[in-house]
Structure formats: structure tokens, C-alpha cells
Amino acid sequence: MQDLSVLSEKMAAIKEEITSKVNELESSKAVYEFKKSFLDSQKGKISQLMKEMKNIAPENRANFGKSVNELKNWAGEVFDEIDQKLKAEEMKKKYESEKIDITMSAKMRKRGNLHPVTQVRNQLIDIFASMGFEVYEGTEIETDYYNFTALNTPQDHPARDMQDTFYLSPEFLLRTQTSAGQIHVMEKKKPPIKILSPGKVFRSDDDATHSPMFTQMEGLVVDKGITLCDLKGMLDVLVQKIYGEGTTTRLRPSYFPFTEPSVEVDVSCFVCGGKGCKLCKGTGWIEVLGAGIVNKKVLENCGIDSEEYSGLAFGIGIERIAMLKYGINNIKLLFESDLRVLEQIDD
Ligand code: DAH
């Protein structure tokens, strides 16, 4: 039989050990280990005491059990208390170390934006798409036939001098105009046709308002009964969306081999409203694009019956629209990739 007094001493020693060491614990992890050494159901010193029960005289068992339970409960409370205290301290330290100053000003990240030419291109596509146009993108290398001949500009036609061409061979060239796309579309598709053809074009031309590479947007509508009125209606919608309500267009006679009649389209000056200013050179009008009624010969070249169908076409210089819209006076600014310029243009 176990002597009760020996067990009492053991209990006192346990209590003493806990009391003296508990305040030396420095972390919740240490508390956990320390607690385990007493309360682990198998190896804990207090749990071990319980196992002595069978070695005690039956009449003493109830008292002994009660004392061990009291010790166990007391120890549990002591450990909980220190655990809570240390956990709170640890949390506080963690908060301190992870503290962020939400009043600190943020580092500005450089954000890219679409190139102004792309912005205008997308805007034009959106406007025409809302009128039912589809996009056809041609190729930058073209044959002489698609770029000129089929567009009623055969070899030796004086209009070829209007565009200084980069030839790659007698047959191939860098397209000088997106008008070449008209032919591809009309060869493949039967009317009704309503397409836009945006893309890069190339000419040996270089000054403040011309660049050897620039971007055009061709428009072509072929159907029964198409007239210049349809053209004017569409272009009025276009300029109002780009340059604002109240802007209007005027058509002036011009010449392009692939249209008959041909027109030059002016927009009423969106700076002075038509009174005359520096931008419109006092005229109240600014030239923006070329257009016309598709020449019957061009329709016939593509196998479209020009008695049954008629068409309208227009060619917009995207850089020109962008320069007017954003007040840029030198086309080179659009191609020099100077972020100080490009960053300022974001619609
Ligand atoms: N292709 C012409 C140019 O580059 C622009 C143009 C004028 C296109 C009249 C057209 C048009 O479709 O009808 O100068």
C-alpha cells in the first residue's frame, strides 16, 4: 500500500514546482510543454499520481482522488492564466512588428495606357460598329494590282504620283492606302457590304504633318441605292462623336481615281465653332478625310454589277484625327515613344 503522506509530499512538491517555475516561462509554446509535463494523460506528473489510486487503502481513495483533482484544476487554471498572458503579449509583439502606416503615401506605379493612335482607332471602330460596320484587316504588303490598278489607277495613271510608293519589286509594294482592302472585300463578298479596314500604310513622305508610316481607316458601303447623302449622314455622326455635339461636315469636290464623284470632307472647326481661328486658319473648317461614291469601274473590276449596286467609300488618316483631337502639331510626337507626351493622352 502507498503511504498517503508520501503522496501528499509529492503533491506539495508538484505544486511548489509549478509555482516556482511558472513565472519563468517566456512563451506560450513553453507553457504548452510545461503544462504537458504535468497534465499529459499518460506521462504527466499529475496524471501519474492518479494512477496511484489502486495502491491506496480503499477508505482513503475518495479523499486522495479529490485532492489530486483539486491539484489538477488548480494547475489547469495556473497554466491557462499564464498562457493567456503570454499569448496576449505575443499577439501585441506581432501587431507591433507587422504594423503598417496607413497614412503613408503610396508609391505611384507607372501605368501604361493605349497609344493615342490606338485610342482613336478603337474609338472610330466603336462608332462605325454601332452603325453596323464590320472590320476587315488587310496586309501591309500588297500587289500593285490591289493597291492601284483595281482601284482604277493603272500604270502611268497620273494619280499614282499622288502617293510616293515604296516598291519591293515591280509587283509587290508596301500598301500606300487601306483602299486596297476595298478590292479584297468586294472580290470575296456580295453586297450588301459594310466594312471598315484599319491599318498601317507607307509613303515616302516626311515632314511635320507626314510620316513614312501612318495609319488609315478605310470605310466601304455597297448596296442598292447608296448616295452621297448616306455618306454625309454617317460622317456627321462620326464628327459629332469625336469632336462634340454641334460639329458638322461639308463636302468639297475633289479627285480620287476610285471614286466618282470624289469629295474632300471638312469638319466645322471645333475650337472656334466656325468663326475662324488659328487651327482652322481663319476659314472655320478643317479638312479631315477623303471620300466619294465608288467609281463604277472599281465595282466592275470586282464583279459587282454597277447598274444594280452603288457604293460609298472614305479614307480617314488616324494620326490626323488624333493630332486635331489632342492638339498635337507634329506627327513625329506620336511615333517617338516619349512617355511625357504619351502619358498626357488618355481618354
Ligand atoms: N486612299 C485615299 C488616300 O490615301 C483616301 C481616300 C479617299 C479613301 C477617298 C477613300 C476615298 O476610300 O473614297 O489618300
Side-chain angles (χ1 to χ4, degrees), residues 117 121 124 128 131 133 135-140 142 144-154 157-166 173-187 193-207 209-223 226-235 238 249-267 287-299 301-302 304 306 309-321 331:
V117 169
R121 176 186 185 276
L124 292 177
F128 283 111
M131 295 187 230
F133 281 75
V135 173
Y136 164 83
E137 281 188 77
T139 52
E140 289 166 14
E142 264 300 353
D144 184 277
Y145 176 77
Y146 284 97
N147 195 80
F148 289 124
T149 308
L151 286 161
N152 193 34
T153 324
H157 192 290
R160 286 212 180 194
D161 295 343
M162 289 162 82
Q163 300 172 4
D164 221 337
T165 311
F166 291 114
L173 47 79
L174 293 181
R175 70 175 169 200
T176 59
Q177 49 188 354
T178 44
S179 307
Q182 289 186 26
I183 307 299
H184 287 287
V185 172
M186 286 192 281
E187 277 182 354
I193 292 171
K194 216 172 184 186
I195 58 106
L196 273 186
S197 189
K200 291 187 177 121
V201 297
F202 307 84
R203 291 181 202 177
S204 181
D205 213 350
D206 202 1
D207 60 33
T209 53
H210 297 91
S211 149
M213 185 284 294
F214 61 105
T215 325
Q216 282 188 336
M217 174 95 63
E218 192 79 10
L220 173 72
V221 179
V222 184
D223 205 344
I226 295 293
T227 69
L228 274 184
C229 286
D230 298 303
L231 176 74
K232 171 118 169 83
M234 284 176 186
L235 296 178
L238 172 76
T249 58
R250 117 182 141 172
L251 310 184
R252 271 184 297 112
S254 182
Y255 174 77
F256 298 101
F258 35 86
T259 41
E260 180 58 39
S262 301
V263 292
E264 208 70 69
V265 180
D266 295 342
V267 60
E287 185 187 318
V288 282
L289 56 101
I293 290 297
V294 180
N295 193 314
K296 288 186 176 215
K297 286 189 196 156
V298 175
L299 294 178
N301 285 342
C302 303
I304 293 177
S306 62
Y309 294 104
S310 57
L312 63 84
F314 53 86
I316 308 177
I318 297 191
E319 285 78 6
R320 175 154 175 80
I321 302 285
I331 195 169

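Just so it is clear, the model here is predicted, and its values are computed rather than measured. Numbering of ligands and ligand atoms starts at 1, following listing order. Just the heavy atoms: all of them, side chains too, but no hydrogens, waters or symmetry mates, feed the values below.
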- Query: Just by modelled atom types, is the N147 backbone N or O under 3.5 Å from a matching donor or acceptor in the R175 side chain?
  - Reply: no

- Message: I'd like to know whether Q177 forms a side-chain contact (heavy atoms from CB on, under 4.5 Å) with F256, so could you lay out the CA-CA distance, the side-chain angles of the two residues, the decisive distance to 0.1 Å, and finally the verdict.
- Response: CA-CA 12 Å; Q177 49 188 354; F256 298 101; over 6 Å; no

- Message: With side-chain contact (heavy atoms from CB on, under 4.5 Å) as the criterion, how do F128 and K194 come out once you've worked through the C-alpha distance, each side chain's angles and the decisive distance to 0.1 Å?
- Response: CA-CA 10 Å; F128 283 111; K194 216 172 184 186; over 6 Å; no

- Query: Looking only at heavy atoms, what is the nearest atom pair of L151 and Y146, with distance?
  - Reply: CD1-O, 3.4 Å

List, pair by pair, the atoms of ligand 1 and of the protein that are both N or O and lie under 3.5 Å apart, giving the separation rounded to 0.1 Å.
from, atom 1, to, atom 2, distance (Å)
ligand 1, 1 (N), Q177, OE1, 2.8
ligand 1, 1 (N), S179, OG, 2.9
ligand 1, 4 (O), R203, NH2, 2.6
ligand 1, 4 (O), Q216, NE2, 2.8
ligand 1, 12 (O), Q182, NE2, 3.3
ligand 1, 12 (O), E218, OE2, 2.6
ligand 1, 12 (O), F314, N, 3.3
ligand 1, 12 (O), F314, O, 3.4
ligand 1, 13 (O), A313, O, 3.1

- Item | Audit row: Y136, I193, side-chain contact (heavy atoms from CB on, under 4.5 Å) steps and yes/no | CA-CA 11 Å; Y136 164 83; I193 292 171; over 6 Å; no

- Item | Passing option when R160 is tested against T165, D144, T153 for side-chain hydrogen bond (donor to acceptor under 3.5 Å, both in side chains) |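 Exactly one pass, corresponding to D144.
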
